[in-house]
Student: 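Have a look at this one.
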Number of protein chains: 2
Amino acid sequence: MTEQTAPTTAAGEPATPRGEQTRQLILDTAMRLFRERGYARTTMRAIAQEAGVAVGNAYYYFGSKDHLIQEFYARSQVEHRAAAQPVLDRESDFGPRLAGVLHAGVDVLTPSHGFAASFFKTAAEPTSPLSPFSEESSAPRQAAIDLFAEVVAGSTAKVDAELRPQLPELLWLAYMGVILYWVHDRSPGQAKTRQLIDGAVPLIDRLVALSRLRVLRPVTRQVLDLIRTLRH
Amino acid sequence: MTEQTAPTTAAGEPATPRGEQTRQLILDTAMRLFRERGYARTTMRAIAQEAGVAVGNAYYYFGSKDHLIQEFYARSQVEHRAAAQPVLDRESDFGPRLAGVLHAGVDVLTPSHGFAASFFKTAAEPTSPLSPFSEESSAPRQAAIDLFAEVVAGSTAKVDAELRPQLPELLWLAYMGVILYWVHDRSPGQAKTRQLIDGAVPLIDRLVALSRLRVLRPVTRQVLDLIRTLRH
DNA sequence: CGCCCTTCTTGAACGCGTTCAAATAAGCTC
DNA sequence: GAGCTTATTTGAACGCGTTCAAGAAGGGCG
């Protein structure tokens with residue numbers, strides 16, 4: 001009652017469509033149940049019942065159960081960006097910046113490790129719009145890549161001129177690798193994923209530094225050519 | 001009628017249990033339908049009907065629809081091994097051996113690209129027994145790793161002593177990466193995956209050679225330590 | 001208010017993967 | 001062959017994600 005119910009702005013388009021509250025209600029309920037019971041054991045009927053709506057109503061807002069996950073991704077991405085801010089403000093060296101951002105990503109996801117693992121498969125399906133490589137995910141993906149662009153741009157590291165434009169996407173790819181490991185990581189608190197980050201970052205740091213060496217120029221170019229070829 | 005029906009060997013255990021024919025029939029039917037219609041659009045009812053058995057009978061032999069895929073993996077692995085044999089016989093240099101084996105793997109999978117992509121997600125799920133990292137897949141995984149061990153063992157390449165025992169598994173991991181790319185590869189005939197192999201193999205070759213250099217010893221060790229730590 | 005159009009909501013129904021108690025066939029021992 | 005045990009086969013039934021025809025609720029306009 002205290003909330004405004006679907007006001008219409010002076011402009012033609014409604015600021016918040018009527019169903020926005022219902023949408024959020026369903027989404028919040030779904031996330032809660034996913035966390036409580038896991039993805040597979042949370043039924044659409046249960047989500048609808050707990051949210052106090054009909055099953056079909058959930059499908060009015062979300063095309064499928066999988067689409068609820070896409071919302072989860074979007075939320076996580078925003079959280080990741082926020083969690084990374086202090087690191088970006090504080091650090092100026094490339095290594096610590098990268099490590100901080102990677103750790104921030106894992107930090108954000110940690111509470112969801114249990115159920116994130118169970119629906120990870122959906123994201124891995126190439127034909128799925130949920131794939132991180134898909135057209136439909138291009139917005140959150142680009143946001144993530146931009147985050148790594150900030151890691152590079154704000155650092156004092158000197159990067160090979162040819163490597164520089166490719167680097168953010170490569171770092172994002174490395175992040176996807178970290179996530180892949182994290183999903184499979186059954187160590188307590190996913191401690192091994194932390195070790196992976198702390199072990200891999202110095203290597204990446206060194207690799208980036210080495211790419212400028214005259215001797216390694218041909219190799220650098222060879223790698224970059226390959227990557228450019230393989231990109232769609 | 002011309003076939004032997006469930007003979008019993010002199011030893012206690014039956015060479016072919018009675019249901020083996022039914023099992024193979026269901027499996028062959030399933031593979032045919034997967035190829036014809038894709039994984040998702042092939043129903044268990046359709047498999048059973050085409051094979052001329054009841055639905056429940058399929059579940060007597062295969063715990064789930066996903067388990068049919070596991071059989072597909074096992075078959076593919078055997079085919080891969082066979083397809084790699086000529087390369088292993090012919091080549092003695094590390095690079096060509098590795099490239100040949102990787103290409104052989106893709107060769108074997110190519111006819112199934114359409115439906116392999118659609119069920120790839122099941123393999124990616126960490127909790128699934130179908131995951132290439134899972135306990136249940138350890139037999140076919142080990143067979144695959146052994147194949148890469150042959151790539152190394154039979155080659156004239158000199159490999160760093162510390163790297164050598166880890167190398168087969170690392171190459172298998174690289175192969176998994178190739179498969180991951182292949183699954184997402186929509187270029188005609190998956191030509192880009194071929195480019196990936198041809199581009200990556202020289203790099204791997206060079207990296208392996210470099211690992212013996214005294215200057216790079218610390219880095220090599222650092223990488224290997226990290227890998228050992230991360231392995232479960 | 002009465003009318004119309006859009007947005008939202010409902011729940012029964014469909015097809016799917018999967019389960020399971022019951023029925024049947026096969027082999028073994030006497 | 002009779003009886004027993006194990007291996008195999010059946011198909012109805014369950015719960016799930018999803019669809020969709022039907023209706024309810026708003027809001028704009030005369």
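Every chain is numbered from 1 and lettered A, B, ... according to where its sequence line falls, protein lines coming before strand lines.
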Student: By side-chain hydrogen bond (donor to acceptor under 3.5 Å, both in side chains), which residues pair with B/E79, not counting sequence neighbours?
Tutor: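 Applying side-chain hydrogen bond (donor to acceptor under 3.5 Å, both in side chains) to B/E79 gives none.
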
Student: Taking only residues two or more places apart in sequence, or in another chain, which ones meet A/S64 in a side-chain hydrogen bond (donor to acceptor under 3.5 Å, both in side chains)?
Tutor: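 Result, side-chain hydrogen bond (donor to acceptor under 3.5 Å, both in side chains) vs A/S64: A/H67.
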
Student: Taking only residues two or more places apart in sequence, or in another chain, which ones meet B/E150 in a side-chain contact (heavy atoms from CB on, under 4.5 Å)?
Tutor: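 If we apply the side-chain contact (heavy atoms from CB on, under 4.5 Å) test to B/E150, skipping adjacent residues, the hits are B/R81, B/L88.
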
Student: If a protein heavy atom is under 4.0 Å from the base, mark B; if only from the sugar-phosphate, S; if neither, -; do that for nucleotides 14-19 of chain D going 5' to 3'.
Tutor: --BBBB

Student: Are any of B/N57's side-chain N or O atoms less than 4.0 Å away from OP1 or OP2 of D/dT8?
Tutor: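 No, B/N57 has no side-chain N/O under 4.0 Å of OP1/OP2 on D/dT8.
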
Student: Would you say A/Y60 reaches C/dC8's phosphate, i.e. side-chain N/O to OP1/OP2 under 4.0 Å?
Tutor: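 Yes, such a contact exists.
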
Student: Does anything in residues 47-60 of chain A pair up under side-chain hydrogen bond (donor to acceptor under 3.5 Å, both in side chains), and if so which pairs, sequence neighbours excluded?
Tutor: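 Found A/R32-A/E50.
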
Student: Would you tell me if any nitrogen or oxygen in the side chain of A/T22 comes within less than 4.0 Å of OP1 or OP2 on C/dC8?
Tutor: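 A/T22 to C/dC8 OP1/OP2: no side-chain N or O under 4.0 Å.
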
Student: Quick one: B/I26 CD1 to D/dT8 C1', roughly how many Å, whole number?
Tutor: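 Distance check: B/I26 CD1 to D/dT8 C1' gives 11 Å.
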
Student: Restricting to side-chain hydrogen bond (donor to acceptor under 3.5 Å, both in side chains), what partner residues turn up for A/S138, sequence neighbours left out?
Tutor: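 Testing A/S138 for side-chain hydrogen bond (donor to acceptor under 3.5 Å, both in side chains), a comparison that skips the adjacent residues, returns none.
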
Student: Ring-plane angle category for B/H80 and B/F148, please: parallel below 30°, perpendicular beyond 60°, tilted otherwise.
Tutor: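 Geometry flag for B/F148 against B/H80: perpendicular rings.
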
Student: OP1, OP2 of C/dT9 versus side-chain N and O of A/Y61: anything below 4.0 Å?
Tutor: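 Yes, within the criterion.
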
